[in-house]
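To keep things clear, I will list the structure first and then write my remarks on it.
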Amino acid sequence: MSRAAVLCGLGGSLPERIVSNEELAEQLDTSDRWIRTRTGIGQRHVVAPGQSTSDLAVAAGAQALASARATAGQADDGADLVDPVDLVVLATSTPDRPCPATAPDVAHRLGLGHVPSFDVSAVCTGFVYALATAASMITAGIAGRALVIGADTFSTILDPADRTTRAIFGDGAGAVVLRAGDSGEPGALLGFDLGSDGSGADLITVRAGGSRQRSVPGPAAEGEEFFTMDGRPVFTRAVLDMSRSSQSLLERVGWNAAEVDKVVAHQANIRILNAVGEQLGLEEKQIVANLDRVGNTVAASIPLALRDAVAGGELQPGHRVLLTGFGGGLTWGSAALVWPELETGRPHR
Ligand code: UT7
């Protein structure tokens with residue numbers, strides 16, 4: 001046995017407003033039929049004006065902390081049996097502001113005191129990167145207990161006239177709590193595989209707003225403040241890189257694909273999930289999919305899929321779980337764990 005980071009809490013949050021495919025079809029040259037058959041998405045949630053990534057991150061974080069408290073239980077005198085969180089890592093590509101990071105504000109609003117907190121930017125792979133970062137800090141003894149959040153509000157950076165990206169992306173946040181434990185416990189993160197390829201940086205991008213092309217003081221070239229994606233090559237790379245990353249992690253962990261109970265992949269497109277399943281030789285029942293209800297929620301996608309799979313009874317304690325993500329950068333990453341027994345608690349706030 002060795003020191004490991006152990007997943008011990010899970011939460012998520014979606015904005016109230018739901019935009020159906022039919023509603024999109026009233027505004028754009030698209031249809032429910034096209035969106036469902038080409039992506040598997042039926043609806044997505046979008047933030048209200050003024051609602052930001054940190055608002056969703058705080059709600060998801062509060063739920064994950066409540067779940068960790070309920071999972072740990074209470075002492076006879078009613079006191080919580082959990083140590084305070086001493087690290088917050090937030091994966092997002094839609095921070096509240098370009099500077100400073102959004103994580104310190106989230107930690108402050110959750111009442112976590114002066115804990116170290118920072119953002120991780122790896123677009124749709126962000127949650128896996130944040131998980132690996134927090135787990136490494138726990139195994140290195142730098143942190144004892146971490147809140148890891150994936151939160152994005154892509155509706156705030158989409159071109160209102162772009163039917164492709166508006167059909168796919170939705171807003172949301174998902175979160176987990178990690179604690180120090182040992183590698184033999186259910187919930188222990190057993191390994192990671194991470195990678196990137198910057199030669200594909202232009203395939204998924206927001207061109208303006210950074211140091212290469214400021215949108216202030218001069219105006220950005222028209223439309224360059226919006227998110228753009230070159231769908232077809234991204235599709236191909238997503239299948240290839242998630243399959244390769246999954247395969248190499250499975251070899252490292254010593255599982256074969258048939259032994260994995262649930263693969264929770266980044267929820268970008270049902271055809272991508274099926275193609276990854278085919279590459280790995282998986283059966284349909286091994287693949288978790290919630291994108292019909294939430295779309296592609298970027299860094300929130302994997303933890304929200306975990307939350308929905310637990311809520312629906314599809315993901316059970318003892319299941320061998322493989323997480324795999326792919327996104328802008330290009331970036332990809334996978335993680336493996338045996339699913340632990342978790343309670344859902346009531347958030348204090
Ligand atoms: O999350 C990070 C990683 N992202 C992904 O993994 C996304 C990967 N890419 C995809 O999921 C798919 O490429 C998309 C869903 C983005 C697009 O699906 P596609 O089957 O690859 O479509 P396409 O881009 O090849 O376009 C086919 C046709 C085009 O029309 P023409 O040129 O053939 O006349 C598009 O203009 O479909 C058209 N189209 C649409 N039609 C109706 C594109 N979007 C729409 C739409 N409604 N929403």
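Just so we're clear, the structure is a prediction, and the values are computed from it rather than from any experiment. Start at 1 and go down the list; that is how both ligands and their atoms are numbered. For reference, positions follow the sequence shown, starting with 1.
Here the shortest heavy-atom distance to atom 11 (O) of ligand 1, taken over I35, L24, L28, N269, belongs to N269.
Near R38, meaning under 4.0 Å from one of its heavy atoms, ligand 1 places the atoms 20 (O). If you number the atoms of ligand 1 from 1 as listed, the ones under 4.0 Å from a heavy atom of H266 come out as 1 (O), 2 (C). Interface atoms of ligand 1 facing T30, defined by a heavy-atom separation under 4.0 Å, are 42 (C), 46 (C), 47 (N), 48 (N). Close contacts between ligand 1 and M229 involve ligand atoms 4 (N), 7 (C), 16 (C) [criterion: under 4.0 Å to a heavy atom]. Near T39, the atoms of ligand 1 lying under 4.0 angstrom from a non-hydrogen atom of the residue are 15 (C). Atom numbering of ligand 1 starts at 1 in the shown order; those under 4.0 Å from a heavy atom of I168 are 15 (C), 16 (C).
Between S31 and ligand 1, a contact under 3.5 Å exists for no N or O pair. Taking only nitrogen or oxygen atoms, main chain and side chain alike, R271 reaches within less than 3.5 Å of ligand 1. By the 3.5 Å distance cut-off applied to N or O atoms, G231 is counted among the residues near ligand 1.
Contact annotation for atom 9 (N) of ligand 1: protein present (non-hydrogen atoms, distance under 4.0 Å). Protein heavy atoms all stay at least 4.0 Å away from atom 33 (O) of ligand 1. For atom 42 (C) of ligand 1, the nearest protein heavy atom is under 4.0 Å away.
Neither side chain, D193 nor S334, offers a donor N or O lying under 3.5 Å from an acceptor on the other. Under 3.5 Å, the side chains of T102 and T53 contain no donor-acceptor pair of N or O atoms. Between the side chains of Q27 and R163, no donor N or O sits under 3.5 Å from an acceptor N or O. Between the side chains of N296 and R44, no donor-acceptor pair is found at a separation under 3.5 Å. A side-chain donor-acceptor contact under 3.5 Å links S52 and S54.
Contacts of F235 with ligand 1, taken as heavy-atom pairs under 4.0 Å, involve both backbone and side chain.
Distance from atom 36 (O) of ligand 1 to its nearest protein heavy atom, with residue and atom name: R163 NH2, 2.8 Å. Closest to atom 39 (N) of ligand 1 among all protein heavy atoms lies W34 CZ2, 3.4 Å. Looking only at heavy atoms of the protein, atom 5 (C) of ligand 1 is closest to V234 CG1, 3.5 Å. Scanning all protein heavy atoms for the shortest distance to atom 44 (N) of ligand 1 gives T164 OG1, 2.9 Å. Protein heavy atom in closest approach to atom 1 (O) of ligand 1: N296 ND2, 2.7 Å. Taking atom 25 (O) of ligand 1 as the reference point, the nearest protein heavy-atom neighbour is R232 NE, 2.3 Å. At the top of the distance list for atom 2 (C) of ligand 1, counting protein heavy atoms only, stands C124 SG, 3.3 Å. When hydrogens are left out, the protein atom nearest atom 6 (O) of ligand 1 is I272 CD1, 3.2 Å; that is the closest non-hydrogen contact.
Residue E278 qualifies as open at atom CD: its count of foreign heavy atoms under 6.0 Å is 12 or below. The environment of R97 atom CZ is sparse: at most 12 non-hydrogen atoms of other residues, nucleotides or ligands sit within 6.0 angstrom. Atom CD of E341 has 12 or fewer heavy atoms from other residues, nucleotides or ligands within 6.0 Å.
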Check your understanding: Hey, mind stepping through T165 and D162 against side-chain hydrogen bond (donor to acceptor under 3.5 Å, both in side chains) and telling me if it holds?
Key -> CA-CA 6 Å; T165 54; D162 183 350; 3.0 Å; yes
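No donor-acceptor distance shorter than 3.5 angstrom exists from the side chain of S301 to the backbone of H266, with no hydrogens or angles considered.
Contact of the I35 side chain with the T30 side chain is registered, since non-hydrogen atoms from C-beta on lie closer than 4.5 Å. Residues L131 and F192 are in side-chain contact: their nearest non-hydrogen atoms beyond the backbone lie under 4.5 Å apart.
Between L24 atom CG and W34 atom CH2 the span is 11.5 Å, to the nearest 0.5 Å.
Connection of I138 to L194 is established within a shared hydrophobic cluster, with ILVMFWY side chains joined at heavy-atom distances below 4.5 Å, either directly or through further cluster members.
Look at R166 and you'll find every heavy atom at least 4.0 Å from all atoms of ligand 1.
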